[in-house]
Amino acid sequence: MAEQSSGAGKPASDSESILVRWMGIGDANAGGFVHGGVVMRLCDEAAGLAAIRHCGGRAVTAAMDRMTFTSPIHIGELVTCRAKVNAAWNTSMEVGVRIEAENPVTAETRHTSTAYLTMVALDHDGQPTPVPALIPESEDEIRRQREAELRRANRLAERDQILSGRED
């Protein structure tokens, strides 16, 4: 198991953040689909809010581990980004973000994207600082934490493998 975070634990539900935005012409390409970069920015904002809620201070994006786009988003749709801390380690947290698009006229909603971001808590001097342990309270939160641990192990193994082949 990965290193544990320090300090008193906080429930995963305390970090939940929801960001909703209406997509306009400036958010889309000539085909009428919302740019992936616009969605990525919204994910980053929602993840940042969740991380700040969990650590109680500044947090910055260290990495976007994965971003999957399963369905396009159109001009005029509402985009909802639901973010929650999946796991917390020493100074970092994984935040999962689920993106949904909604037709505001029909209320039809569909899952369009998923993202996993690594956020790092910073102190007043901009240095990494410990974050509270995460307390999962539901089976879904336990599953999310377990899957976050697997993604982290894979990231660290990949980094070690890449660095082992370098001569610096």
Side-chain angles (χ1 to χ4, degrees), residues 5 10-89 91-124 126 128-129 131-132 134-152 155:
S5 55
K10 291 179 79 174
S13 58
D14 283 1
S15 71
E16 188 170 11
S17 299
I18 300 172
L19 183 66
V20 180
R21 183 155 162 233
W22 190 16
M23 296 291 100
I25 294 170
D27 299 314
N29 58 29
F33 300 117
V34 173
H35 286 286
V38 170
V39 176
M40 292 173 77
R41 179 180 175 176
L42 294 173
C43 283
D44 190 42
E45 288 179 21
L49 291 169
I52 289 167
R53 283 184 168 166
H54 183 74
C55 71
R58 291 176 57 200
V60 295
T61 307
M64 182 176 277
D65 184 50
R66 187 169 297 151
M67 178 84 200
T68 56
F69 297 94
T70 57
S71 177
I73 300 170
H74 305 277
I75 295 171
E77 290 186 312
L78 295 175
V79 171
T80 301
C81 298
R82 298 177 192 282
K84 189 189 289 189
V85 174
N86 290 335
W89 298 286
T91 61
S92 65
M93 302 153 273
E94 182 194 271
V95 180
V97 184
R98 177 183 172 91
I99 301 91
E100 296 175 341
E102 177 187 342
N103 179 321
V105 175
T106 66
E108 179 186 339
T109 302
R110 69 188 183 289
H111 176 219
T112 65
S113 312
T114 302
Y116 299 101
L117 294 88
T118 301
M119 310 297 289
V120 175
L122 300 179
D123 64 17
H124 294 295
T129 190
V131 300
L134 186 73
I135 303 169
E137 299 176 301
S138 69
E139 289 300 318
D140 185 54
E141 289 171 354
I142 291 167
R143 176 191 57 79
R144 291 167 63 116
Q145 185 177 42
R146 182 179 62 247
E147 291 172 0
E149 292 286 353
L150 177 61
R151 282 186 292 273
R152 182 174 192 256
R155 281 191 305 272

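Positions are given from 1 along the sequence. Both backbone and side-chain heavy atoms feed into the values below; hydrogens, waters and symmetry mates do not. Fair warning: this is a prediction, and the values are worked out from it, not measured in the lab.
- In plain terms, the two heavy atoms of V131 and A121 that are nearest each other are CG1-CB, 3.3 Å.
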message = As a quick check of understanding, evaluate side-chain contact (heavy atoms from CB on, under 4.5 Å) for N86 and E149, giving each step before the final call.
response = CA-CA 9 Å; N86 290 335; E149 292 286 353; over 6 Å; no

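- Within the 4.5 Å cutoff, the side chain of L42 has heavy atoms near those of the V79 side chain.
- We find that E147 and R143 are joined by a salt bridge, their nearest charged nitrogen and carboxylate oxygen being less than 4.0 Å apart.
- Applying the salt bridge (charged side-chain N to carboxylate O under 4.0 Å, His left out) test to pairs two or more places apart or on separate chains, those with a residue in residues 56-68 are D65-R155.
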message = For a side-chain contact (heavy atoms from CB on, under 4.5 Å) check, start with the C-alpha distance between I99 and M67, then their side-chain angles and the critical distance, and finish with the verdict.
response = CA-CA 10 Å; I99 301 91; M67 178 84 200; 4.2 Å; yes

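- Among pairs with a residue in residues 95-114, those fulfilling salt bridge (charged side-chain N to carboxylate O under 4.0 Å, His left out) read E77-R110, R82-E100, R98-E100, at least two apart in sequence or across chains.
- Under the salt bridge (charged side-chain N to carboxylate O under 4.0 Å, His left out) criterion, the residue pairs touching residues 42-57 are R41-E45, with sequence neighbours excluded.
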request  = Let me see the working for L117 and V97 under side-chain contact (heavy atoms from CB on, under 4.5 Å), right down to the final yes or no.
outcome  = CA-CA 8 Å; L117 294 88; V97 184; 3.9 Å; yes

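- No side-chain heavy atom of S15 sits under 4.5 Å from any side-chain heavy atom of K10.
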Give every donor-acceptor pair under 3.5 Å between a side-chain atom in residues 21-33 and any protein atom, sequence neighbours left out.
residue	atom	partner	partner atom	Å
R21	NH2	D27	OD1	2.7
R21	NH2	D27	OD2	3.3
W22	NE1	G76	O	2.9
D27	OD2	G24	N	2.8
N29	OD1	G31	N	2.9
N29	OD1	G32	N	3.2
N29	OD1	F33	N	3.2

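- For the pair I18/T80, a side-chain contact is recorded, criterion being any heavy-atom separation below 4.5 Å from C-beta on.
- Counting all heavy atoms, side chain and backbone alike, G96 lies closest to R144 at O-NH2, 4.0 Å.
- For E141, the side chain to side chain contact (heavy atoms under 4.5 Å, CB included) criterion is met by A12, S13, K84, P136, E137, S138, not counting sequence neighbours.
- Side-chain atoms of S113 do not come within 3.5 Å of backbone N or O of F69 as any donor-acceptor pair.
- Closest approach of H54 to A88, counting heavy atoms only: NE2-CB, 3.8 Å.
- Across every non-hydrogen atom of L122 and P128, the tightest pair is CD2-N, 3.8 Å.
- Across all their heavy atoms, A62 and V120 have their closest contact at CB-CG2, 3.7 Å.
- For S17 against A50, the heavy-atom pair with the smallest separation is OG-N, 3.2 Å.
- Note on residues 114-124: pairs passing side chain to side chain donor-acceptor pair (under 3.5 Å), not counting sequence neighbours, are H111-T114.
- Distance OG/S92 to CE/M119: 11.0 Å, rounded to 0.5 Å.
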task = Output, in order, the C-alpha distance, side-chain angles, deciding distance and verdict of salt bridge (charged side-chain N to carboxylate O under 4.0 Å, His left out) for R152 and E94.
result = CA-CA 8 Å; R152 182 174 192 256; E94 182 194 271; over 6 Å; no

